[in-house]
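Notes follow once the structure below has been shown.
Owing to the predicted nature of the structure, the values given are computational and were not obtained by experimental measurement.
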Amino acid sequence: CHFQRGRSIRTSTGMNATQFQIATRALRGVAGSLSVIGATLIIGTFIAYKSIRTVPRFMLVNLAMADLVTAISFLPDINEDTMCKIQAGFRIFGLNSAIFWTTAIPLYMFIAFMLLKPYNKVTVVVVFVFCWIVPLTIALWLGLGRHLGRRVDPTQSCFITNLNGGDWDSYNGGNNTTCVFSWQHNYPIIMGYLVWIYLSFFLLPTLYIALKCRIWRLKVKLMETKSGVLRLTQEVDQKLILLPLLYFVLRVGTCILFVLFSSLCAKLHELPAQLFILLVLFLEPLQGFVNGMVFVVFTRSIQTKVRLSLSCVRQDLDGHIDNFESTTSVNSDRQFTITVSLKHE
């Protein structure tokens, strides 16, 4: 199972390298297109409806913008070397921004429920700067350090490469291939991506449990339930607590893939291992689409607003059509009267 750039090896039980790369690009293209739709729904509804412009929703819009960058960068890879590096830079910038914003939203909600204050300007500014500037700095560091380009792995995608231009050291011992992930040569991908995703997998479950416990404790106290929780739920969408769970489902495969990479590499010629990797690569850029479905399409309040807006638009169109038809009818009647009078004369 030795994949090299430009080399296609036919295997006995699974796809060859060329087929695997085509499947990878196709799935990522579909996932990226779906995420563009989902992220656009979140941004569009936030702009259209003033009543949902709360601070957590503002953060959700920033997450949607990060998902939008990620989704566009996950469209089919560019073959030209310089453009591939630029695409890799946008890809790592979008992925890390999405990680930071996904962590920042439940963190902000936890602070809001702890202090019973739904808005803190200083906290919002600090979160905004951190979640955009730090990922941009990481992307620039990787780009200036020449750590971006086409990966020498089965996906052949534009992302972070190691110091030797590859991602692992592969030793072919006859029929059995042993693949060793070279951690020493892969500190760019560790510091540029893996450390943040593993840190988020520690922080998000902690924040989720802390949020649920805090809300439960507030609801136990009757007075605070009326004065605090009910007021907060109007400005802090508790449905956003689902973000850590959605993120975990979509990104857990990435963590498993890197942890089990050595054992998976030896089985890359087998179809089950290839399907697992394809599933991980499909789910990784899909966060924008899932968030759009959960927080727009399947949110009842926004469904109601969209229906009312569509009904108003339909009524306006019907009114314009009726006015046009009545005006046309009056004009035709006048024309007919003038014609008849002229003929009579």
Side-chain angles (χ1 to χ4, degrees), residues 38-39 42 45-46 51-67 95-132 134-135 195-252 254-255 283 286-302:
I42 294 176
T45 52
F46 185 83
S51 60
I52 65 171
R53 295 177 191 172
T54 60
V55 176
R57 279 276 170 177
F58 170 74
M59 292 184 174
L60 183 64
V61 168
N62 281 271
L63 173 58
M65 294 172 63
D67 290 332
L95 285 171
N96 283 334
S97 296
I99 293 173
F100 288 5
W101 280 111
T102 303
T103 308
I105 293 173
L107 177 61
Y108 176 84
M109 293 176 65
F110 178 74
I111 295 174
F113 277 103
M114 286 295 295
L115 303 178
L116 293 181
K117 293 180 180 179
Y119 177 70
N120 188 310
K121 185 176 181 180
V122 176
T123 304
V124 174
V125 172
V126 171
V127 169
F128 183 86
V129 172
F130 183 83
C131 292
W132 285 121
V134 174
V195 66
W196 306 110
I197 193 169
Y198 283 117
L199 185 61
S200 68
F201 266 75
F202 169 76
L203 290 176
L204 286 175
T206 305
L207 289 172
Y208 177 78
I209 295 172
L211 263 175
K212 297 294 288 186
C213 292
R214 180 59 180 168
I215 294 172
W216 179 78
R217 289 178 180 177
L218 286 177
K219 288 183 176 179
V220 169
K221 300 179 182 179
L222 182 60
M223 293 301 294
E224 287 190 7
T225 301
K226 291 182 178 179
S227 62
V229 176
L230 293 181
R231 178 170 59 86
L232 277 172
T233 52
Q234 296 176 356
E235 301 189 36
V236 179
D237 189 353
Q238 291 193 58
K239 195 174 184 179
L240 292 174
I241 299 176
L242 294 174
L243 267 178
L245 297 179
L246 299 175
Y247 175 86
F248 184 85
V249 172
L250 293 174
R251 296 293 183 90
V252 67
T254 304
C255 295
L283 293 177
L286 204 62
Q287 186 176 7
F289 173 73
V290 174
N291 289 343
M293 294 297 104
V294 172
F295 301 112
V296 176
V297 177
F298 298 126
T299 299
R300 186 172 300 177
S301 59
I302 296 182

Considering residues at least two apart in sequence or located in another chain, which fulfil the ring pair (Phe, Tyr, Trp, His ring centres under 6.0 Å) criterion with Phe130?
Phe100

Would you compute the distance between atom OG1 of Thr123 and atom CD1 of Ile111 and round it to the nearest 0.5 angstrom?
5.5 Å

What are the two closest heavy atoms between Asp67 and Ala98, and how far apart are they?
OD1-CB, 3.6 Å

List the residues meeting side-chain contact (heavy atoms from CB on, under 4.5 Å) with Leu246, not counting sequence neighbours, and say none if there are none.
Val290, Asn291, Val294, Phe295

What's the spacing between Met65 CE and Ser97 OG if we round to 0.5 Å?
10.0 Å

Run the side chain to side chain contact (heavy atoms under 4.5 Å, CB included) test on Tyr108 and Val124 for me, step by step, so that the C-alpha distance in whole Å, both residues' side-chain angles and the decisive distance to 0.1 Å come before the verdict.
CA-CA 8 Å; Tyr108 176 84; Val124 174; 4.0 Å; yes

Which residues pass the side-chain hydrogen bond (donor to acceptor under 3.5 Å, both in side chains) test with Ser200, sequence neighbours left out?
Tyr247

How long is the gap from CH2 on Trp101 to CE on Met59, to the nearest 0.5 Å?
6.0 Å

Testing Leu63, Leu207, Leu204 for side-chain contact (heavy atoms from CB on, under 4.5 Å) with Leu243, which one passes?
Leu63

Donor-acceptor pair, side chain of Tyr198 and main chain of Cys255, under 3.5 angstrom
yes

Kindly write out the residues that satisfy side-chain contact (heavy atoms from CB on, under 4.5 Å) with Val126, not counting sequence neighbours, or none if the list is empty.
Val122

What are the two closest non-hydrogen atoms of Phe46 and Thr54, and how far apart are they?
CE1-O, 4.1 Å

Is any side-chain heavy atom of Leu283 closer than 4.5 Å to one of Arg251?
no

Ile197 side, atom CD1; Phe202 side, atom CZ - distance, nearest 0.5 Å
16.0 Å

Atom pair OG1/CG of Thr102 and Asn62 - distance to nearest 0.5 Å
11.5 Å

My understanding is that only residues two or more places apart in sequence, or in another chain, count here; which of them pass side-chain contact (heavy atoms from CB on, under 4.5 Å) with Leu211?
Pro106, Met109, Phe110, Phe113, Ile241

Name all residues meeting the side-chain contact (heavy atoms from CB on, under 4.5 Å) criterion together with Phe248; count only those two or more places apart in sequence or in a different chain, and write none if there are none.
Phe201, Val252

